[in-house]
Asks: 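Before we start, here is the structure in question, set down as structure tokens.
What's counted below: heavy atoms across the whole structure, side chains too, no hydrogens, waters or symmetry copies. Note that the coordinates shown come from a computational prediction; the quantities given were computed from them, not determined experimentally.
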Amino acid sequence: MRIDIITLFPELLSSPFESSILKRAIASNLVKINFHNLRDYAQNKYKQVDDYQYGGGSGMVIKIEPIDRCINYLKNKNNYEEVIYLTPQGEKLTQKISNKLSLSKNIIIICGHYKGIDQRVRDHLVTKEISIGDFVLSGGELAACILCDSIIRLIPGVLGDETSALSDSFQDQLLSYPIYTRPEKYKNWKVPKILLSGDFKKINSWREKNALEKTKRIRPDLLKN
Ligand code: ADE
């Protein structure tokens with residue numbers, strides 16, 4: 001998979017891809033991440049990428065020309081399934097969306113900043129708008145890291161134990177069951193006995209029951225779907 005990220009602040013994006021699972025996925029060529037600094041696609045002398053809002057109002061708006069130029073450059077080299085714009089006004093990110101995107105060959109992600117981007121980018125160039133939640137970030141870069149992480153870990157071969165992505169929270173619309181490791185007893189806090197029993201049938205039904213109870217308590221909305 002190839003992910004091209006268009007941003008004004010590439011330095012905000014680099015470190016999540018330099019450790020752990022994402023680093024290994026890149027090293028194994030299971031995914032290639034490319035950062036494109038929007039300023040490199042600005043043509044005027046001052047490398048201007050933003051401008052005032054028509055109609056007045058505070059905050060600068062990212063211009064259409066450098067974004068269109070960057071997307072054109074990429075589209076001349078690759079075919080893209082999606083051009084994603086990260087915005088709090090987008091469809092809320094879910095495991096279902098990440099599952100689907102993880103099957104793509106190439107995607108482009110545009111990170112907004114300041115007041116946002118010219119609406120014509122959204123109307124004519126973007127194919128999908130995604131929000132990572134009902135809160136406002138300073139820009140799309142951190143949201144892009146979250147989106148990429150959630151997609152990349154689903155690419156076959158990225159996680160050593162391929163079943164472990166399948167048992168993630170939300171993969172079956174449930175929160176994950178409680179998990180424990182050694183020691184068996186810490187202070188007076190004990191690991192549930194059943195998990196030490198070796199009886200996998202009983203362990204599985206304990207896990208299912210606990211996942212369901214936890215979901216009912218914390219995220220009853222998940223059970224309504
Ligand atoms: N940019 C700013 N806030 C955002 C959010 N909640 N999700 C995605 N992109 C954003």
Side-chain angles (χ1 to χ4, degrees), residues 1-3 13 15-33 81-82 84 86 88 90-107 109 128-135 137 142-225:
M1 182 179 197
R2 176 189 166 112
I3 305 178
L13 284 156
S15 76
F17 299 96
E18 289 165 3
S19 305
S20 183
I21 293 171
L22 302 191
K23 180 183 177 182
R24 265 188 281 126
I26 293 166
S28 318
N29 283 323
L30 292 166
V31 64
K32 182 146 180 34
I33 313 281
E81 277 99 331
E82 299 282 5
I84 297 166
L86 288 164
E91 183 183 356
K92 213 185 280 177
L93 181 63
T94 59
Q95 191 65 31
K96 194 171 160 199
I97 295 177
S98 296
N99 282 340
K100 185 151 181 264
L101 288 173
S102 75
L103 303 174
S104 314
K105 215 162 163 285
N106 305 308
I107 59 174
I109 298 176
K128 197 172 187 59
E129 298 193 342
I130 293 179
S131 162
I132 62 156
D134 290 340
F135 44 83
L137 301 167
L142 300 183
C145 294
I146 288 171
L147 176 64
C148 288
D149 188 309
S150 77
I151 294 171
I152 294 168
R153 62 199 308 286
L154 294 168
I155 298 172
V158 167
L159 294 184
D161 173 4
E162 280 203 28
T163 58
S164 88
L166 296 176
S167 63
D168 282 345
S169 287
F170 298 112
Q171 202 55 271
D172 46 11
Q173 294 292 322
L174 289 179
L175 301 187
S176 172
Y177 47 77
I179 55 168
Y180 300 86
T181 186
R182 281 185 285 198
E184 218 176 293
K185 184 175 159 193
Y186 180 72
K187 296 183 178 170
N188 207 23
W189 304 322
K190 296 177 194 154
V191 174
K193 267 217 167 64
I194 195 148
L195 297 178
L196 312 171
S197 69
D199 184 335
F200 291 108
K201 219 169 139 195
K202 278 196 182 145
I203 290 173
N204 278 340
S205 65
W206 180 90
R207 285 177 167 167
E208 268 169 34
K209 183 172 145 258
N210 275 274
L212 191 62
E213 273 172 9
K214 192 167 160 186
T215 311
K216 266 189 202 157
R217 191 163 27 91
I218 298 169
R219 291 291 307 274
D221 56 300
L222 291 176
L223 299 169
K224 288 193 191 116
N225 306 322

Asks: How close do S98 and S150 get, heavy atom to heavy atom, and via which atoms?
Replies: OG-OG, 2.8 Å
Asks: Output the distance between atom NZ (K100) and atom CD1 (I151), rounded to the nearest 0.5 Å.
Replies: 11.5 Å
Asks: What heavy-atom pair brings I155 and S102 nearest, and what distance separates the two atoms?
Replies: CG1-O, 4.2 Å
Asks: Check V31, L147, L101 against I152 for a side chain to side chain contact (heavy atoms under 4.5 Å, CB included) and give me the one that passes.
Replies: V31
Asks: Run the side chain to side chain contact (heavy atoms under 4.5 Å, CB included) check on T94 and N99 step by step: do they pass?
Replies: CA-CA 9 Å; T94 59; N99 282 340; over 6 Å; no
Asks: Can you check side chain to side chain contact (heavy atoms under 4.5 Å, CB included) on V158 and I21, steps first, answer last?
Replies: CA-CA 7 Å; V158 167; I21 293 171; 3.5 Å; yes
Asks: Please indicate whether I218 has more than 12 foreign heavy atoms, meaning atoms of other residues, nucleotides or ligands, lying under 6.0 Å from its CD1.
Replies: yes
Asks: Return the minimal non-hydrogen interatomic distance between L22 and P16, and the atom names on each side.
Replies: CD1-O, 3.5 Å
Asks: So, taking the atom named CG in D168 and the one named CD in Q95, what distance separates them when rounded to the nearest 0.5 Å?
Replies: 6.0 Å
Asks: Taking all atoms of both residues into account, what is the closest heavy-atom pair of W206 and P192, and its distance?
Replies: CZ2-CG, 3.7 Å
Asks: What verdict does the side chain to side chain contact (heavy atoms under 4.5 Å, CB included) test give for L30 and R24, after you've listed the backbone C-alpha separation in whole Å, the side-chain angles of each residue and the deciding distance to 0.1 Å?
Replies: CA-CA 9 Å; L30 292 166; R24 265 188 281 126; over 6 Å; no
Asks: So, do S20 and K23 sit near enough that their side-chain heavy atoms are less than 4.5 Å apart?
Replies: no
Asks: Below 4.5 Å, heavy atoms only, C-beta onward: do E81 and N106 meet side chain to side chain?
Replies: yes
Asks: Measure the spacing between CG of L174 and CZ of R207 and express it to the nearest 0.5 Å.
Replies: 14.0 Å
Asks: Just so I know, are the side chains of Q173 and T215 near enough to count as touching, which here means a heavy-atom distance under 4.5 Å?
Replies: no
Asks: Rounded to the nearest 0.5 Å, what separates atom CG in D149 from atom CG in L154?
Replies: 9.5 Å
Asks: Would you say L86 and L137 make side-chain contact, with heavy atoms under 4.5 Å?
Replies: no
Asks: Among I107, I109, I84, which residue satisfies the side chain to side chain contact (heavy atoms under 4.5 Å, CB included) criterion with K128?
Replies: I84
Asks: Do E213 and K216 have side-chain heavy atoms sitting under 4.5 Å apart?
Replies: no
Asks: Report the distance from atom SG of C145 to atom CG of L13, rounding to the nearest 0.5 Å.
Replies: 4.5 Å
Asks: Tell me if the OH atom of Y186 is crowded by more than 12 foreign heavy atoms within 6.0 Å.
Replies: no
Asks: Quick one: OG on S197 to CG on L195, what's the gap to the nearest 0.5 Å?
Replies: 7.5 Å
Asks: Is there a side-chain contact between D134 and K92 in this structure, where contact means two heavy atoms from C-beta onward sitting under 4.5 Å apart?
Replies: yes
Asks: To check you understand the geometry: which heavy-atom pair defines the closest contact between P178 and N210, and what is its length?
Replies: CD-CB, 3.7 Å
Asks: Are side-chain heavy atoms of D199 and I194 found at a separation under 4.5 Å?
Replies: no
